Structures are given as C-alpha cells and as structure tokens.
Student: 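Input: one structure, supplied below.
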Amino acid sequence: MKLVLATQNAHKVSELRAVLPIDWTVGTAVAYGLIDELPETGRTLEHNAAQKAQFVWTKLRIPCLADDSGLEVAALDGAPGVDSAYFGGPAKSDALNRARLLAELDGVSDRRAQFRTVLAWSTPEGVALYEGVVQGVITTEPRGTQGFGYDALFVPDDGDGRTFAEMNPDEKQRLSHRSRAVAAWLSALRKS
Ligand code: ITT
C-alpha cells in the first residue's frame with residue numbers, strides 16, 4: 001500500500017504513522033511539495049477532511065488520507081469544534097487555543113467534552129469518511145507536556161485520570177479519537 005497523509009500537522013503525521021502497518025509506504029503532503037495550507041473552507045469536520053483529501057488526490061493521484069479533528073465542549077454548544085485550530089486567534093497557536101478554552105470555561109462546572117476525528121480516504125473510487133470519538137472532561141489548568149493542541153486540558157473518561165499530555169504516545173493511542181478513526185478505516189479496507 002502506498003498513500004499520502006494530507007495533513008501539515010507533524011503531530012498528526014506521527015500519530016497516524018504509528019498506527020499504520022510498518023510495510024506501507026506513507027508519504028506526507030509536505031514531502032510531496034504541497035507546503036501551502038491545505039484548503040479547509042467548510043463548517044464541518046466531514047467537509048474539511050474530504051476537501052483536504054480530494055485536494056491532495058487531485059494534485060498527486062496517489063490514495064490519500066486526510067484528518068480533520070476538533071474538540072467539542074458540551075457547555076460551549078460543541079465549540080470550538082471545526083474552529084479548534086484557530087480558537088485562540090489567527091496565529092493558530094496551541095497555547096492561545098488552550099488559554100481561550102480555559103477562559104471560556106472559567107467558573108463553569110459542566111466540563112464534559114469530546115475529541116472527534118474524521119478521516120477522509122480519497123482513491124479513484126471517490127472519498128469515504130470514518131469517525132473516531134473519545135469522551136472526557138476539560139481540566140481547570142494544563143497538565144502534562146506530551147502530545148499537542150488541547151491534550152494538556154483533556155482527561156479521557158476511559159483513562160486513569162491523567163490528561164492525554166500526561167500519557168506517553170502509546171497510552172494516548174490506546175484511547176484516542178484518532179486511533180479509533182484509523183481502526184474504523186483499516187477495518188473497512190480489510191473488508192473491501
Ligand atoms: P491539517 O489541517 O494540516 O491536518 P491542523 O492542525 O490545521 O492540520 P485541524 O484543522 O484538524 O488540523 O485542527 C484541529 C486542531 O485541533 C489542531 O490544531 C489541534 O489544536 C487540535 N487537535 C486535533 N487533534 C488533537 C489531538 O489529538 N490532541 C489535541 N489537540 C488536537
């Protein structure tokens with residue numbers, strides 16, 4: 001299997017590579033010279049994942065996997081959701097995103113949230129979508145130094161009370177939205 005990961009986020013690349021079969025040839029959009037921001041103009045994770053996968057497929061004609069992910073917070077009616085990357089402003093800064101989330105939830109007792117990943121798999125047959133979700137709660141301060149994005153603020157319900165950023169990469173993978181979406185995709189691939 002040869003495929004391209006349609007993401008410019010190095011953290012996503014390493015998390016996706018870690019759960020793919022080691023004998024697959026897995027390139028990245030950046031390695032193929034697609035260094036401009038991938039198009040993401042939709043208002044849903046599904047739209048944006050499909051848009052990124054189709055963009056790279058059209059350019060390279062190699063099967064392509066795109067990941068659009070977001071943090072959906074119950075008390076914020078699902079925000080930041082599709083806007084997760086820019087929640088703290090146009091700088092697309094993880095630190096500013098986390099700061100805004102903590103500010104929005106200051107004094108809020110309902111801390112429930114979910115991470116959701118939508119994978120889009122683009123091939124000559126078209127685009128197929130796969131989803132992975134993990135439920136959890138938002139902390140009142142950052143904890144941990146591993147991972148990226150909102151990991152230091154998210155405690156998965158199925159874990160042991162640590163945030164994703166307090167877990168090593170294997171521990172996060174066992175619970176994560178992204179690895180669940182990959183499992184759904186790989187299972188569909190095996191059946192096809
Ligand atoms: P690409 O579009 O190039 O794939 P991106 O960083 O712009 O990369 P998204 O549009 O999917 O990715 O933005 C999702 C944001 O949500 C991302 O910037 C992170 O801040 C956050 N995020 C996504 N997955 C996460 C994870 O596993 N842990 C923590 N935060 C995550």
Side-chain angles (χ1 to χ4, degrees), residues 4-19 27-32 34-56 59 64-73 76 78-102 113-122 129-139 142-156 159 162-182:
V4 180
L5 299 177
T7 173
Q8 285 157 321
N9 183 319
H11 299 283
K12 288 186 185 177
V13 170
S14 76
E15 289 190 4
L16 290 168
R17 277 209 165 117
V19 288
T28 64
V30 176
Y32 279 97
L34 301 177
I35 51 171
D36 294 332
E37 187 75 9
L38 298 170
E40 281 184 78
T41 57
R43 295 305 302 151
T44 63
L45 300 180
E46 288 78 6
H47 179 114
N48 288 343
Q51 193 178 19
K52 289 187 280 192
Q54 272 172 321
F55 176 82
V56 173
K59 296 261 183 197
C64 167
L65 188 71
D67 167 322
D68 211 55
S69 299
L71 180 67
E72 299 171 337
V73 179
L76 303 179
V82 71
D83 298 316
S84 293
Y86 294 97
F87 197 46
K92 205 180 183 186
S93 149
D94 285 350
L96 293 177
N97 291 341
R98 289 192 294 267
R100 171 147 183 220
L101 180 62
L102 288 179
Q114 65 179 24
F115 267 125
R116 195 159 71 88
T117 288
V118 175
L119 292 178
W121 175 231
S122 188
L129 299 177
Y130 304 93
E131 184 187 67
V133 177
V134 55
Q135 315 276 347
V137 291
I138 303 299
T139 57
R143 292 199 330 245
T145 55
Q146 306 191 68
F148 69 104
Y150 299 92
D151 279 345
L153 301 180
F154 185 84
V155 177
R162 285 178 296 161
T163 67
F164 272 157
E166 293 175 304
M167 298 179 187
N168 67 39
D170 286 344
E171 291 171 324
K172 179 183 172 186
Q173 296 278 23
R174 278 199 279 279
L175 300 170
S176 87
H177 45 305
R178 183 159 294 105
S179 59
R180 287 173 183 178
V182 169

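Scope of the values below: all heavy atoms of this structure, side chains included, with no hydrogens, waters or symmetry mates. Fair warning: this is a prediction, and the values are worked out from it, not measured in the lab. One-based numbering, in listed order, for ligands and for the atoms of each. Position 1 is the first residue of the sequence, and the numbers go up from there.
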Student: So which bit of His11 gets within less than 4.0 Å of ligand 1, heavy atoms only: side chain, backbone, both or neither?
Tutor: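 For His11, no heavy atom sits under 4.0 Å from ligand 1.
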Student: Among protein heavy atoms, which sits nearest to atom 14 (C) of ligand 1, and what does the distance come to when rounded to 0.1 Å?
Tutor: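 Looking only at protein heavy atoms, the one closest to atom 14 (C) of ligand 1 is Ser69 O, 3.2 Å.
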Student: Give me the nearest non-hydrogen protein atom to atom 28 (N) of ligand 1 as residue plus atom name, then the distance to 0.1 Å.
Tutor: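 Result for atom 28 (N) of ligand 1: Asp151 OD1, 2.6 Å.
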Student: Working to the nearest 0.5 Å, report the span between CG of Asp67 and OG1 of Thr117.
Tutor: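 Rounded to the nearest 0.5 Å, the CG-OG1 separation comes out at 5.0 Å.
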Student: Mark yes or no for whether Tyr150, through its side chain, and Ser84, through its backbone, hold a donor-acceptor pair below 3.5 Å.
Tutor: yes
Student: What residue and heavy atom of the protein are closest to atom 9 (P) of ligand 1, and at what distance?
Tutor: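 The closest one turns out to be Lys12 NZ, 3.4 Å.
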Student: Checking a contact table here: which protein heavy atom is nearest atom 31 (C) of ligand 1, and how many Å away?
Tutor: Phe148 CE1, 3.6 Å
Student: For Glu131, is there any backbone N or O sitting under 3.5 Å from a side-chain donor or acceptor partner on Glu46?
Tutor: no
Student: Would the distance check show the side chain of Asp68 and the main-chain N or O of Val118 forming a donor-acceptor pair, the cut-off being under 3.5 Å?
Tutor: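 The answer is no, because no donor-acceptor pair under 3.5 Å joins these two groups.
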Student: Run the numbers for me: atoms of ligand 1, each under 4.0 Å from some heavy atom of Asn9, listed by number.
Tutor: 3 (O), 6 (O), 8 (O)
Student: I need the contact type for Asp94 against ligand 1. Using non-hydrogen atoms and a strict under-4.0 Å cut-off, is it side chain, backbone, both or neither?
Tutor: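 Side chain only.
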Student: Output the list of atoms in ligand 1 that are nearer than 4.0 Å to some heavy atom of Asp68, sorted by atom number.
Tutor: 9 (P), 10 (O), 11 (O)
Student: Side chains of Ser179 and Arg174: closer than 4.5 Å at any heavy-atom pair?
Tutor: no
Student: For atom 3 (O) of ligand 1, what's the nearest protein heavy atom and its distance?
Tutor: Gln8 N, 2.7 Å
Student: Would you say Ser84 and ligand 1 have an N/O pair spaced under 3.5 Å apart?
Tutor: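 Between Ser84 and ligand 1, no N or O pair is found under 3.5 Å apart.
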Student: Would you mind checking which non-hydrogen protein atom is closest to atom 10 (O) of ligand 1, with the distance to 0.1 Å?
Tutor: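 The protein heavy atom lying closest is Glu40 OE1, 2.9 Å.
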Student: Quick test: of every protein heavy atom, which one is nearest to atom 5 (P) of ligand 1, and how far off is it to 0.1 Å?
Tutor: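 Checked against all protein heavy atoms, atom 5 (P) of ligand 1 sits closest to Lys92 NZ, 3.7 Å.
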Student: Using modelled atom types only, decide if a donor and an acceptor are shared between the side chain of Thr139 and the backbone of Pro142 within a distance under 3.5 Å.
Tutor: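 Not at all, since once roles are kept as given, no pair shorter than 3.5 Å links the two residues.
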Student: Please confirm whether Tyr150 comes under 4.0 Å of ligand 1, counting heavy atoms of the residue only.
Tutor: yes
Student: Which atoms of ligand 1 have any heavy atom of Phe115 under 4.0 Å away?
Tutor: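 Near Phe115, the atoms of ligand 1 are 28 (N), 29 (C), 30 (N), 31 (C).
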Student: Of all the atoms in ligand 1, which lie at a distance below 4.0 Å from a heavy atom belonging to Thr7?
Tutor: 1 (P), 3 (O), 4 (O), 8 (O)
Student: Between Leu65 and Tyr130, is a side-chain contact (heavy atoms from CB on, under 4.5 Å) present by the stated rule, with each step listed?
Tutor: CA-CA 10 Å; Leu65 188 71; Tyr130 304 93; 5.9 Å; no
Student: I'd like to know if Asp83 pairs up with Arg43 as an ion pair, taking the criterion as any Lys NZ or Arg NE/NH1/NH2 lying under 4.0 Å from an Asp or Glu carboxylate oxygen.
Tutor: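 Answer for the salt bridge query: yes.
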Student: Give the residue, atom name and distance (to 0.1 Å) of the protein heavy atom nearest atom 13 (O) of ligand 1.
Tutor: Ala85 CB, 3.5 Å
Student: Hey, which of Arg162, Lys172, Met167, Gln135 is the one that makes side chain to side chain contact (heavy atoms under 4.5 Å, CB included) with Pro156?
Tutor: Met167
Student: Assess the residue pair Leu45 and Glu72 against the criterion (side-chain contact (heavy atoms from CB on, under 4.5 Å)); give the C-alpha distance rounded to whole Å, side-chain angles, the decisive distance to 0.1 Å, and a yes or no.
Tutor: CA-CA 11 Å; Leu45 300 180; Glu72 299 171 337; 4.2 Å; yes
Student: Out of all atoms in ligand 1, which are within 4.0 Å of some heavy atom of Lys52? Include the element for each.
Tutor: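 Taking each heavy atom of Lys52 in turn, ligand 1 has 1 (P), 2 (O), 4 (O) under 4.0 Å.
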Student: Does Glu15 reach the main-chain N or O of Lys12 with its side chain, forming a donor-acceptor pair under 3.5 Å?
Tutor: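 Side chain of Glu15 to backbone of Lys12: no pair is present.
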Student: Going by the atom numbers of ligand 1, which of them fall below 4.0 Å from some non-hydrogen atom of Arg178?
Tutor: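 Reading through ligand 1 atom by atom, the close ones are 23 (C), 24 (N), 25 (C), 26 (C), 27 (O).
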Student: I need the atoms of ligand 1 closer than 4.0 Å to a non-hydrogen atom of His177, numbered in the order shown.
Tutor: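 The atoms of ligand 1 under 4.0 Å from a heavy atom of His177 are 24 (N), 25 (C), 26 (C), 27 (O).
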Student: Please determine if Asn97 has a nitrogen or oxygen closer than 3.5 Å to a nitrogen or oxygen of ligand 1.
Tutor: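 No; the residue has no nitrogen or oxygen that sits under 3.5 Å from a nitrogen or oxygen of the ligand.
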Student: How are the rings of Phe154 and Phe164 set relative to one another: parallel (under 30°), tilted (30 to 60°) or perpendicular (over 60°)?
Tutor: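 Tilted: the ring planes of Phe154 and Phe164 meet at 30° to 60°.
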Student: Just which atoms of ligand 1 are under 4.0 Å from any heavy atom in Lys172?
Tutor: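 Contacts of ligand 1 toward Lys172, numbered from 1: 26 (C), 27 (O), 28 (N).
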Student: Determine yes or no for a side-chain-to-main-chain donor-acceptor pair under 3.5 angstrom, with Gln51 supplying the side chain and Thr41 the backbone.
Tutor: yes
